[in-house]
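Since the structure comes first, as structure tokens, the remarks are kept for the end.
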There are 2 protein chains.
Amino acid sequence: MTCDSSSTAATDEPRPADSRAEAFQEVRSARRNELAEDYVELIAELIHEHGEARPVAIAARMGVRAPTVTKALDRLAREGLITRERYRSVFLTEKGRALAHECRRRHEIVLRFLIRLGLDAETAERDAEGIEHHVSERTLALFEAYADQV
Amino acid sequence: MTCDSSSTAATDEPRPADSRAEAFQEVRSARRNELAEDYVELIAELIHEHGEARPVAIAARMGVRAPTVTKALDRLAREGLITRERYRSVFLTEKGRALAHECRRRHEIVLRFLIRLGLDAETAERDAEGIEHHVSERTLALFEAYADQV
DNA sequence: GTAAATTCTTAGCCAAGACTAACTTTTTTG
DNA sequence: CAAAAAAGTTAGTCTTGGCTAAGAATTTAC
Ligand SMILES: [Mn+2]
Ligand SMILES: [Mn+2]
Ligand SMILES: [Mn+2]
Ligand SMILES: [Mn+2]
């Protein structure tokens with residue numbers, strides 16, 4: 001009854017579904033997962049390399065201070081990606097392990113792709129660390145195909 | 001004299017210069033500029049398309065609410081990228097225009113590259129919106145070369 | 001030219017993610 | 001094993017970037 005064609009007012013969606021806006025919203029949503037992704041990937045690596053993941057090692061590899069790690073780990077635990085006890089090293093849950101695996105795969109593909117494209121290893125590593133969080137499965141498939149070219 | 005091989009203790013850098021850590025730090029630094037980059041690029045577009053950039057249009061295209069835009073514009077003004085008067089539309093400074101131009105260029109190259117690689121336009125637009133902030137000049141050059149291939 | 005609609009700002013809330021300083025726990029070492 | 005060192009946590013600060021609710025300014029419509 002009341003509602004009608006009153007220009008941009010509340011119709012259906014909470015916000016105008018400009019396809020452009022959607023892209024930005026996607027990016028924002030991807031950004032919210034970046035940290036968790038980098039952490040679990042790193043934790044998996046540390047466990048693989050050293051048998052355990054100590055906060056001090058995480059801090060060093062992430063390039064942040066210890067309290068930053070403590071807080072981040074609290075969030076990861078809250079999200080069910082890790083388990084931990086005070087003053088002890090960190091373990092991945094099943095869910096965390098799955099995410100770590102997925103992230104590692106993406107990281108690897110993006111890295112191999114960039115190197116295949118002709119980039120030096122150093123720069124490739126840096127760019128991959130950022131790009132990996134913003135490639136769709138579709139893009140990833142194309143990257144992989146290119147990297148695996150004969 | 002005193003200092004020696006005492007494991008990780010304070011040597012020189014404030015933090016261990018793990019090359020891995022550097023990559024993460026780079027990504028964090030890139031992330032701090034993302035918002036400004038997307039805004040100035042968008043503002044430039046709006047001015048080009050409609051002759052002016054109104055906050056309401058910015059909000060719609062960014063997919064955020066009006067107060068978010070107000071705050072963001074305050075930051076951009078503080079950083080010298082835009083000028084504005086209350087209740088009026090937004091203008092880019094020389095610096096803002098330069099950044100917008102640079103961002104547009106990057107965006108275009110990444111987009112063309114993804115499409116050239118075989119991605120559909122829709123997905124390409126989405127991925128480009130995220131990736132564009134994490135490609136080094138070196139990578140961009142490779143993307144461009146690939147996109148311009150005969 | 002006033003009333004209604006739209007636009008914009010302000011105030012205030014919240015979570016994330018960084019930091020330092022200071023304290024506690026654990027580990028190492030003489 | 002006691003002292004020192006290292007690792008980890010807590011408390012508290014700051015900025016960013018999102019939001020809602022409410023009010024002010026501007027624009028549009030009658
Ligand atoms: Mn990463
Ligand atoms: Mn990674
Ligand atoms: Mn973008
Ligand atoms: Mn862009």
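Naming convention: chains lettered A, B, ... in sequence-line order (proteins, then strands); numbering from 1 in each chain. Values in this document were obtained by computation on a predicted structure and should not be read as measured data.
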To the nearest angstrom, how far is [X] atom [atom1] from [N] atom [atom2]?
{"X": "B:R65", "N": "C:dC8", "atom1": "CZ", "atom2": "P", "answer": "15 Å"}
{"X": "B:M62", "N": "D:dT16", "atom1": "CE", "atom2": "P", "answer": "15 Å"}
{"X": "B:L35", "N": "D:dT15", "atom1": "CG", "atom2": "C1'", "answer": "13 Å"}
{"X": "A:L73", "N": "D:dT9", "atom1": "CG", "atom2": "P", "answer": "7 Å"}
{"X": "A:R54", "N": "C:dT26", "atom1": "CZ", "atom2": "P", "answer": "11 Å"}
{"X": "A:R75", "N": "C:dC14", "atom1": "CZ", "atom2": "P", "answer": "17 Å"}
{"X": "A:R28", "N": "C:dA15", "atom1": "CZ", "atom2": "P", "answer": "19 Å"}
{"X": "B:I58", "N": "C:dT9", "atom1": "CD1", "atom2": "P", "answer": "10 Å"}

Distance test, side-chain N/O of [X] to OP1/OP2 of [N], below 4.0 Å:
{"X": "B:R84", "N": "C:dT9", "answer": "yes"}
{"X": "A:R78", "N": "C:dA15", "answer": "no"}
{"X": "B:T70", "N": "C:dT9", "answer": "yes"}

Quiz item: If you pin A:R32 and A:Y87 to their nearest nucleotides in DNA chain C, which one's is more 5'?
Solution: A:R32
Quiz item: Taking the nucleotide of DNA chain C with the closest heavy atom to each, which residue, B:R86 or A:K71, is nearer the 5' end?
Solution: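 Upstream on the strand: B:R86.
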Practice problem: For the residue pair A:F113 and A:F143, categorise the inter-ring angle as parallel (less than 30°), tilted (30 to 60°) or perpendicular (more than 60°). | Solution: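 Rings of A:F113 and A:F143: parallel, as their planes differ by under 30°.
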Practice problem: Specify the residue among A:R31 and A:S89 whose closest nucleotide of DNA chain D lies further upstream toward the 5′ end. | Solution: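 Comparing both residues, the 5'-ward one is A:S89.
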Quiz prompt | Residue whose nearest DNA chain D nucleotide is more 5′ - A:P55 or B:A36 | solution =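 Of the two residues, A:P55 wins.
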Quiz item: With sequence neighbours excluded, what pairs up with A:E45 under the salt bridge (charged side-chain N to carboxylate O under 4.0 Å, His left out) test?
Solution: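 A:E45: salt bridge (charged side-chain N to carboxylate O under 4.0 Å, His left out) contacts with A:R61, B:R20.
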Quiz item: Who pairs with A:R105 by salt bridge (charged side-chain N to carboxylate O under 4.0 Å, His left out), at least two apart in sequence or on another chain?
Solution: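 For A:R105, the residues satisfying salt bridge (charged side-chain N to carboxylate O under 4.0 Å, His left out) (neighbours in sequence not counted) are A:E137.
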Self-check item: Step-by-step salt bridge (charged side-chain N to carboxylate O under 4.0 Å, His left out) determination, B:R112 to B:D148
Solution: CA-CA 9 Å; B:R112 274 200 300 134; B:D148 288 344; 2.6 Å; yes
Quiz item: Does the salt bridge (charged side-chain N to carboxylate O under 4.0 Å, His left out) test come out yes or no for A:R126 and B:E26, once each step is laid out?
Solution: CA-CA 7 Å; A:R126 292 183 179 223; B:E26 282 264 329; 3.2 Å; yes
